[in-house]
Amino acid sequence: DAKTTQPTSMDCAEGRAANLPCNHSTISGNEYVYWYRQIHSQGPQYIIHGLKNNETNEMASLIITEDRKSSTLILPHATLRDTAVYYCIVSSGNTGKLIFGQGTTLQVKP
Amino acid sequence: DTAVSQTPKYLVTQMGNDKSIKCEQNLGHDTMYWYKQDSKKFLKIMFSYNNKELIINETVPNRFSPKSPDKAHLNLHINSLELGDSAVYFCASSQDPGVNEKLFFGSGTQLSVL
């Protein structure tokens, strides 16, 4: 599975959009991009995933570049409860074997 | 109702002891997993079971033995606990990993081996 690169940490003002980037330049054609987050002392939580089209759900939007080498997770109106570690994962294994990196620690500030 | 529940939440024990962590999911999923998060916060898969059958075993010491009495339960037994086993253990489940890898995680069991 392809590796991902994310910034170690980011800050965002409450109520503003949080844009979390992820590079996955070695992604192959059948690999999806998944985003999970882990709020302190909780288990990881699925957010969204996509193959090549942009995706949106009730939690976030996922923008994938045309060459699929990078993506951005967008939380449109960040709240303090969105403070968490966000993981970008690339996988085609369809086995549930998710490879978590270090992720991005997002701090939402009042 | 908690979708994936694991007990206990905290487990403190002495080296050499044997302990178990229980996991139950009420989502009707066919596949369940155990993940381990170490002190550096890296999350790694340990095992996965599909309908009570072992699918993934990630070179985990054989002191760790998962047991799946039915597809809603996946328990983790650990024999002869060592200091290095101290970590947070997460149970998870998914409907069908052949479709997508949307996993539902429990809230974790923090194991401390003294």
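Just so it is clear, the model here is predicted, and its values are computed rather than measured. A, B, ... follow the sequence lines: proteins, then strands. Residue 1 opens every chain.
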Please identify, among Ile45(B), Val4(B), Leu103(B), Val88(B), the residue contributing the most non-hydrogen atom pairs under 4.5 Å to chain A. Leu103(B)

May I ask you to test the Tyr34(A)-Glu101(B) pair for a side-chain heavy-atom distance under 4.5 Å? yes

Segment of Gln102(A) engaging chain B (4.5 angstrom heavy-atom cut-off): both

Rounded to the nearest 0.5 Å, what's the gap from CG on Leu98(A) to OH on Tyr35(B)? Could you check? 4.0 Å

Could you state whether Val85(A) and Phe90(B) fall into the same hydrophobic cluster, counting links through intermediate Ile, Leu, Val, Met, Phe, Trp or Tyr residues with side-chain heavy atoms under 4.5 angstrom apart? yes

For residues 36-47 of chain B, pull every pair meeting side chain to side chain donor-acceptor pair (under 3.5 Å), keeping only residues two or more places apart or in separate chains. Gln38(A)-Gln37(B)

Applying salt bridge (Lys or Arg N to Asp or Glu O under 4.0 Å), can you list everything that pairs with Glu14(A), at least two apart in sequence or on another chain? none

Side chain / backbone / both / neither for Ile55(B) at chain A, heavy atoms under 4.5 Å: neither

Over all atoms of both residues, closest heavy-atom pair of Phe100(A) and Phe42(B): O-CD2, 4.3 Å

Under 4.5 Å between side-chain heavy atoms, counting indirect links through other Ile/Leu/Val/Met/Phe/Trp/Tyr residues: same cluster for Met46(B) and Met32(B) or not? yes

Applying the 4.5 Å side-chain criterion to the ILVMFWY set and letting contacts propagate, would Leu114(B) and Ile78(B) be lumped into a single cluster? no

Look up atom CZ in Phe104(B) and atom OH in Tyr46(A), then write down how far apart they are to the nearest 0.5 Å. 9.0 Å

Can you say whether Glu58(B) sits under 4.5 Å from chain A via the side chain, the backbone, both, or neither, judging by heavy atoms? side chain

